[in-house]
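Remember, it's 1-based here, ligands and their atoms both numbered in the order they're listed.
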Amino acid sequence: MTRATVAQALVSFLANQYTERDGVRRRLFAGCFGIFGHGNIAGIGQALLQAGDELRYYQARNEQAMVHTAAAYARVSDRLSTFACTSSVGPGATNMVTGAAGATINRLPVLLLPGDVFATRPADPVLQQLQTASAGDVSVNDCLRPVSVWFDRIMRPEQLLDAAPAAMRALTDPAATGAVTLALPQDVQAEAYDWPAAFTVPRVWPVRRAVADPESLAEAVAAIRAAHRPLIVAGGGVRYSAATGALAGFAAATGIPVAETQAGKGSLRHDHPGAVGAIGATGSTAANALAAEADLVLGIGTRFADFTTASHTAFADPDVRFVNVNVCAADAVRLSGLAVLADARRALEQLTGALAGWQVPDAYRRRAADLTAAWSSTVDRAYRLGHAPLPAQSEVIGAVNEAATDADIVVCAAGSMPGDLHKLWRAGAPRQYHVEYGYSCMGYEIAGGLGAKLAIGAEGEVFVLVGDGSYLMMAQELVTAVAEGVKLIVVLVDNAGFASIGALSETVGAPRFGTWYRYRDEGGGLTGDVLPTDLAANAASLGAAVCEVSTVDELRSALAAARRGERTTVIRIATDPLVPAPDSAAWWDVPVAETAGLAATVTARREYEQAKQAQRHYL
Ligand SMILES: Cc1ncc(C[n+]2csc(CCOP(=O)(O)OP(=O)(O)O)c2C)c(N)n1
Ligand SMILES: [Mg+2]
């Protein structure tokens, strides 16, 4: 028995948790991010101080951001390692809600340790305590319930003996992982208990690879053999399961073309003969043409979100069928697919064996190659538009793509860049492409870049692509990067507003409304003079090295200099928000006002109704 506080026992427990997959063991927690207040400084804070490097503490600047950082770290670590995040009670805890939703939606493990109000209630209400008229046992931490895959509140010390392992199970289950919350009342954190020694001995959580059962495998093989125009849709599960090698082998052996979702992009090197690029609303014309014709879609590790299916218009063959390999049962049955409940790598190995000697028709293989070559020329042109006076965003993406090696990572999340990156980026190694597009959360970029860089260390550079809107929302983790000596190369793409929503607004009959960053004009509108905002000066004030460039050639030199340098660098470039990336020939469902007094809206509604006719149920 060891006498220790709940917080001390929990920190010691966390420091001794490991994952193991394919014989490789790693620490489940690389450390603990946190911001202290009265709800955690005396408990978890004291315990982290006492523990020292047993579980290293990292100071964040915003609680939402630290959850993004942890999620990004987990993503780069194939979900086998993450961070814990401690917050105070009240606003520190609710700041984590957005980060938690992002982690859960992207299926990334993150452990949240919000402080909570007193369990013993000696002097309620305490500072920051929520009081409602209807219940005495709710606190603001209950906001974390719907965004957590597991939630528990530790009201008594001994409860931790059961609750802590339950939380680890949830974090390390590939089919159910996401944000996990252990709410910690501030008095309980500091309470002492006699802990059995076995509680804090090293514990290994095996991450097993489930194989497909013989029946579903046989049905999947039969469906593939019967197909004339099969198409693979590779999702995030391919990358998390480290199945990219198995996928490359399967694609080469069978000739089935491989399209990629946002989370799955990078599953195949862009120059693999089977790679047809991004699919869906932000896809390549090659993948989308093949999707429109496919008679069989083999989804691997994807949940077929609306961007992937182009809001259920991408797969147009009336008899198209789906075979879905997934560890998550709910995802495996999407689009009425044949569910193959299995780890992506194991299932691909099984399918490769069972389909030995079978190939798609030669003509189909050639068609996929021709379509891909045409899209590749489109990308070449977009990379070198020579647009003036301000460069186009596609040229910025081209410059960063050409500056990035296979060991580097590009990070992005919201705005017009995720779609453009999905279409245009030529991915090398699987982990190179890191776009958070499950939650597409403005503000993820710099915080997520920090997590990615903590995960790869000196192995490579992290290029953060961030729009001016996202930058304004959450740039503060630049301070954390500077403080920790974690080097980021941030490319700040400044187009004076929301290019993405600006373009969307045009198609939904609300042209450019509220999407510029401008002074109010004399008519009371929002299209006055350009604001004097100086984001480069802002970045410099946070401690980053800053470089302002105005041409793509200057950008290339600045990227090279930033690579040679040791400091976190922000490169600011102004771009023309009105140049779209090449068209995907795909649609995204955003409903338009059914009745309106504006001519633009009426026209947009007519077009919407037309497009909507292609939408279907896959039953
Ligand atoms: C937290 C959050 N709020 C709102 C949105 C909706 N939204 C998506 S993109 C965008 C604008 C992003 O602006 P910026 O970062 O400048 O990128 P740009 O569109 O100019 O490329 C907004 C408001 C979001 N994704 N996340
Ligand atoms: Mg912008």
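Every pair tested for side-chain hydrogen bond (donor to acceptor under 3.5 Å, both in side chains) that includes a residue from residues 593-603 fails, sequence neighbours excluded, so the list is empty.
With a 6.0 Å radius and a threshold of 12 heavy atoms from other residues, nucleotides or ligands, Trp150 has its CH2 atom at or below the threshold.
The contact shell of ligand 1, taken as protein residues with any non-hydrogen atom closer than 4.0 angstrom, comprises Gly415, Ser416, Ser440, Met442, Gly467, Asp468, Gly469, Ser470, Met473, Asn495, Gly497, Phe498, Ala499, Ser500, Ile501.
Taking the centre of each ring, Phe83 and Tyr58 come in below the 6.0 Å mark.
Taking the ring axis of Phe463 as reference, the NZ or CZ atom of Arg563 does not stay both within 45° of it and closer than 6.0 Å to the ring centre.
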- Message: ring-ring contact (aromatic ring centres under 6.0 Å, His included), that's the test. Do Phe307 and Tyr437 meet it? Break it down for me.
- Response: CA-CA 9 Å; Phe307 264 77; Tyr437 213 64; 5.0 Å; yes
- Task: For the pair Tyr517 and Phe498, evaluate ring-ring contact (aromatic ring centres under 6.0 Å, His included) and give the outcome as yes or no after the intermediate values.
- Result: CA-CA 8 Å; Tyr517 285 142; Phe498 303 162; 5.4 Å; yes
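Metal site remark for the Mg ion (ligand 2): Asp494 contributes no N, O or S atom at a distance under 2.8 Å. Not one N/O/S atom of Gly415, from backbone or side chain, sits under 2.8 Å from the Mg ion (ligand 2).
Take the Mg ion (ligand 2) as the corner point: the lines to O of Gly497 and to OD1 of Asn495 open at 90°, to the nearest 10 degrees.
Nearest N/O/S atom of Asp468 with respect to the Mg ion (ligand 2) is recorded as OD1.
For the pair Gln432 (side chain) and Gly428 (backbone), a donor-acceptor distance under 3.5 Å is present.
No hydrogens or angles considered: a donor-acceptor pair under 3.5 Å links the side chains of Glu445 and Ser470.
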